Asks: 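Submitted below is the structure of interest, expressed as structure tokens.
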There are 2 protein chains.
Amino acid sequence: MAQLLRRHGVTPTAQRTRIAAAMFARGMHVSAEDVYAAVNQETTSVSRATVYNTLRLLVEKGLINQVIVDPSKVFYDPNVSPHYHLYDIETGELTDVAADQLEIRGLPDLPPGKELDGVDVVVRLRRRV
Amino acid sequence: MAQLLRRHGVTPTAQRTRIAAAMFARGMHVSAEDVYAAVNQETTSVSRATVYNTLRLLVEKGLINQVIVDPSKVFYDPNVSPHYHLYDIETGELTDVAADQLEIRGLPDLPPGKELDGVDVVVRLRRRV
DNA sequence: GTGCTTGCAAATGCTTTGCACAAAA
DNA sequence: TTTTGTGCAAAGCATTTGCAAGCAC
């Protein structure tokens with residue numbers, strides 16, 4: 001884990017290593033609060049400030065991604081390969097869909113001077129009525 | 001405007017009419033704070049609470065949509081026909097793309113007991129380097 | 001008159017920041 | 001030793017809520 005951090009230009013402190021390990025161990029989409037809870041399961045040893053700072057840093061360095069699907073909080077995703085999301089608007093459950101399953105055609109011409117940063121696709125689900 | 005509200009099952013009070021009018025007049029994506037400012041340009045006459053309550057109500061009743069692209073605040077969109085978004089991550093500018101320009105294929109099978117609520121597509125742009 | 005609406009201010013919840021202390025280079 | 005990281009508590013912001021007074025039907 002320390003290797004991975006260093007390879008991405010992040011100094012691997014004890015706290016950062018534990019946070020990154022927690023993210024990749026779950027392999028799932030988690031909120032900052034989830035990470036805070038996971039890292040501090042036994043004893044409280046990593047502060048909220050450090051959790052938030054580190055998550056921001058890991059996003060900057062490309063180790064994880066932000067997922068913006070819920071207006072009330074941000075999710076973090078250790079899967080940085082191209083993929084899309086299923087989001088259950090009732091339970092909050094967030095699931096990956098591999099990018100090669102889904103084909104998008106007809107992307108419009110981009111405005112001049114702009115380039116593509118990425119395409120987010122969120123398929124919203126609800127309980128069948 | 002009052003007609004429109006009534007047709008959607010919303011009792012058209014003075015405040016709600018002004019809020020809805022402000023939304024549709026701009027025809028653009030706005031935040032709650034933008035609406036609050038627009039409605040109170042001259043004299044302060046609609047409270048924040050009412051702006052937030054009314055926007056929530058208009059979303060419930062299907063007159064407008066929420067757009068979730070920015071982790072720090074929600075945008076509201078008076079365009080409820082199917083369409084996607086271009087989002088400039090640097091300027092915050094949000095632009096519509098008509099749905100018929102873009103084709104999505106290979107949507108995965110939905111989990112049992114769930115149905116589609118909608119598909120959000122956000123094309124993120126950045127300044128070309 | 002009864003029930004929905006409004007507005008104020010207070011509360012909430014996620015996230016960021018200031019600053020002193022500790023650890024890394 | 002000079003820079004970088006950590007933690008606490010406080011601050012910040014968008015949004016929601018409790019409650020009393022006002023309007024709709």
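Protein chains get the first letters and strands the later ones, always in sequence-line order, with residue 1 at the start of each. Because the structure is a prediction, the values reported are computed rather than measured.
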Asks: Rounding to an integer number of Å, can you tell me how far A/L55 CG sits from D/dG7 P?
Replies: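 These atoms are roughly 13 Å apart.
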
Asks: Are any of the side-chain heavy atoms of A/V30 and A/M23 separated by less than 4.5 Å?
Replies: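 Sidechains of A/M23 and A/V30: in contact.
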
Asks: Take the protein atom CG of B/N40 and the nucleotide atom P of C/dC8, then report the distance between them rounded to whole Å.
Replies: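 It works out to 10 Å between those atoms.
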
Asks: Over the length of the helix from C/dG1-D/dC25 to C/dA25-D/dT1, how much do the five-pair end axes diverge, rounded to 10 degrees?
Replies: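 Computed from the C1' atoms at both ends, the axes differ by 30°.
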
Asks: Would you compute the distance between atom CE of A/M28 and atom OH of A/Y76 and round it to the nearest 0.5 angstrom?
Replies: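 With rounding to 0.5 Å, CE (A/M28) is 15.5 Å from OH (A/Y76).
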
Asks: At under 4.0 Å between heavy atoms, which parts of nucleotides 15-20 of chain C does protein reach? Answer with one letter per nucleotide, 5' to 3': B base, S sugar-phosphate only, - none.
Replies: BBB---

Asks: Once you measure the plane-to-plane angle for B/H85 and B/H29, does it fall in the parallel (<30°), tilted (30-60°) or perpendicular (>60°) bin?
Replies: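 Perpendicular.
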
Asks: Between A/N65 and A/D77, is there a side-chain donor-acceptor contact under 3.5 Å, judged purely by atom types and distance?
Replies: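 A/N65 and A/D77 do not have a side-chain donor-acceptor pair below 3.5 Å.
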
Asks: Report yes or no: do A/S45 and A/R18 form a side-chain donor-acceptor pair below 3.5 Å?
Replies: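 A/R18 and A/S45 do have a side-chain donor-acceptor pair below 3.5 Å.
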
Asks: State the CG-CG distance between A/L86 and A/L94, to the nearest 0.5 angstrom.
Replies: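 Between atom CG of A/L86 and atom CG of A/L94 there are 8.5 Å.
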
Asks: So is B/R124 actually on top of B/Y87's ring, under 6.0 Å and inside 45° of the axis?
Replies: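 So B/R124 doesn't make the cation-pi contact.
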
Asks: Which whole-number value in Å describes the distance from B/Q66 CD to D/dA14 P?
Replies: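 Atom-to-atom, B/Q66 to D/dA14, this comes out as 16 Å.
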
Asks: Would you give the length of the straight line joining atom CG of A/D70 to atom CD1 of B/I68, rounded to the nearest 0.5 angstrom?
Replies: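 Going from CG on A/D70 over to CD1 on B/I68, the span is 6.5 Å.
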
Asks: Run the side chain to side chain donor-acceptor pair (under 3.5 Å) test on B/D34 and B/S31 for me, step by step, so that the C-alpha distance in whole Å, both residues' side-chain angles and the decisive distance to 0.1 Å come before the verdict.
Replies: CA-CA 5 Å; B/D34 294 337; B/S31 65; 3.1 Å; yes

Asks: To the nearest Å, how far apart are B/L57 CG and D/dT16 C1'?
Replies: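 That distance rounds to 15 Å.
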
Asks: In whole Å, what is the span from the OH atom of B/Y36 to the C1' atom of C/dT6?
Replies: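 Roughly 13 Å, once rounded to whole Å.
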
Asks: Looking at B/T17 and B/T13, would you say the former's side chain and the latter's main chain have a donor-acceptor pair under 3.5 Å?
Replies: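 It does hold such a pair.
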
Asks: Rounded to whole angstrom units, what separation is found between the CG atom of A/D70 and the P atom of D/dA14?
Replies: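 Distance, rounded to whole Å: 17 Å.
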
Asks: Hey, can you pull the residues of residues 11-19 of chain A with a non-hydrogen atom under 4.0 angstrom from DNA chain D?
Replies: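 Only A/T13, A/Q15, A/R16 qualify.
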
Asks: Looking at B/R127, I want to see if its CZ is surrounded by more than 12 non-hydrogen atoms of other residues, nucleotides or ligands under 6.0 Å.
Replies: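 No, not enclosed.
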
Asks: Would you kindly give the CG-to-P distance between B/L5 and C/dC4, to the nearest whole Å?
Replies: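 My rounded result for the distance is 18 Å.
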
